[in-house]
J.: 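The structure follows.
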Amino acid sequence: MKLIDGKVISAHIKQQVKAQVDELKAKGTEPCLAVIIVGDDFASRTYVNNKKRTCEEVGIKSLEFALPAETTQEELLELVEKLNADDNVNGILCQLPIPKHIDEKVILNAIKPEKDVDAFHPVNAGHIMIGDCVLKPCTPAGIMEMLKYEGIDVAGKNCVVIGRSNIVGKPMAMLLLAASGTVTVCHSRTQNLTEITRSADILVAAVGKAKFVTADMVKEGAVVIDVGMNRDEDGKRCGDVDFEAVKDKASHITPVPGGVGLMTVAMLMQNTVTAAESQNNRG
Ligand code: GUN
């Protein structure tokens, strides 16, 4: 078994991004990411801090807009519009979840597609479907980088994605398909799940349930990618894959923590620079 090390691969991506940032700065542009957080969700606060720290690491300017939980939809929309119109802001990200009285879809759809560094806007989702995207959703894009770094060719492989979310499962399926994989998407209503996952050469678990993928669900020699971020019965961080049981069966596997999560943030940096570059070129 080979461990796919998110720390090493994300460092490689961040190094590339830093070089791009330096080049942009030499031309007089400082890439800038605006991060919006509404309310005081503890996990969101951790993620946002992590994103800001990584911005600093690669030389991207970050602006934080921390709004109280009582913020109205109109107030949040007003902020998004202000950031859309600000030429100094290249990327806009609204950390999810947002409070229930605000319609998430309305907010995500209001972010200018060229500043949508999460690539959640329907226009960007459409580009992913067609296969000509500029901004790719960070987690699936990070997974593709991991496969590339490890020299794992997707073409012709049986790829099974467990999970059909708009953030991970669906765009992951599209990127694997664009790389000529034969893709199956499984979800909570899937019948004979084990039978399907056992056919996977590349298995991506994005379920949100601790240790959901057990050894009997994995083919000998499969590549196993774990998107999960859960707590186990002892409160320890763990993924969607039962790592200890699966690691001896897999040819490659990502750990949690230290795997896909690190890639998500690195790809957010990449998207911010890509956005800055394309906005700059358009002048
Ligand atoms: N909440 C959980 N994952 C994400 C993400 O990738 N982007 C944003 N904006 N919020 C999230």
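Only this structure's heavy atoms are used, side chains among them; waters, hydrogens and symmetry mates stay out. Order of appearance sets the numbers: ligands from 1, and atoms from 1 within every ligand.
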J.: Salt-bridge test for D240 and K209: reply yes if a basic N is under 4.0 Å from a carboxylate O, no otherwise.
T.: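 Not counted as a salt bridge, because no side-chain N and carboxylate O are separated by less than 4.0 Å.
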J.: Would you indicate whether K247, at its atom NZ, is surrounded by more than 12 heavy atoms from other residues, nucleotides or ligands within a distance under 6.0 Å?
T.: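 Atom NZ in K247 is crowded, with more than 12 foreign heavy atoms closer than 6.0 Å.
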J.: C94 near ligand 1, heavy-atom distance under 4.0 Å?
T.: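 C94 counts as a contact of ligand 1 under the 4.0 Å cut-off.
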J.: I want to know if ligand 1 touches D118 in the polar sense, i.e. an N/O pair below 3.5 angstrom.
T.: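 It does: an N or O of D118 is found under 3.5 Å from an N or O of ligand 1.
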J.: For Q16, run the side chain to side chain donor-acceptor pair (under 3.5 Å) check against K14, Q20, K18, H12 and tell me which one passes.
T.: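 So, applying the side chain to side chain donor-acceptor pair (under 3.5 Å) to Q16 and each of K14, Q20, K18, H12, only H12 qualifies.
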J.: Less than 3.5 Å between some nitrogen or oxygen of L93 and one of ligand 1, yes or no?
T.: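 Looking only at distances, the answer is no, because the N/O contact criterion of under 3.5 Å is not met.
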J.: Can you pull out the closest protein heavy atom to atom 11 (C) of ligand 1? Residue, atom name and distance to 0.1 Å, please.
T.: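 Result for atom 11 (C) of ligand 1: Q95 NE2, 3.4 Å.
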J.: Give a yes or no answer on whether the side chain of D118 reaches the backbone of F120 with a donor-acceptor pair at less than 3.5 Å.
T.: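 Checked: no pair found.
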J.: Identify the residue among L79, I98, L63 that makes a side chain to side chain contact (heavy atoms under 4.5 Å, CB included) with I36.
T.: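 Of all the options given, the one that passes is L79.
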J.: So is F120 in contact with ligand 1, going by heavy-atom distances below 4.0 Å?
T.: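 It does; at least one heavy atom falls under 4.0 Å.
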J.: Is there at least one protein heavy-atom neighbour under 4.0 Å from atom 3 (N) of ligand 1?
T.: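 For atom 3 (N) of ligand 1 the answer is no, since every protein heavy atom stays at 4.0 Å or beyond.
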J.: Just need the protein heavy atom nearest to atom 1 (N) of ligand 1, so name the residue and atom and give the distance.
T.: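 Ranked first by proximity to atom 1 (N) of ligand 1 is L96 O, 2.9 Å.
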J.: Main chain of G6, side chain of S10: is a donor-acceptor contact present, judged purely on distance under 3.5 Å?
T.: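 Side chain of S10 to backbone of G6: a pair is present.
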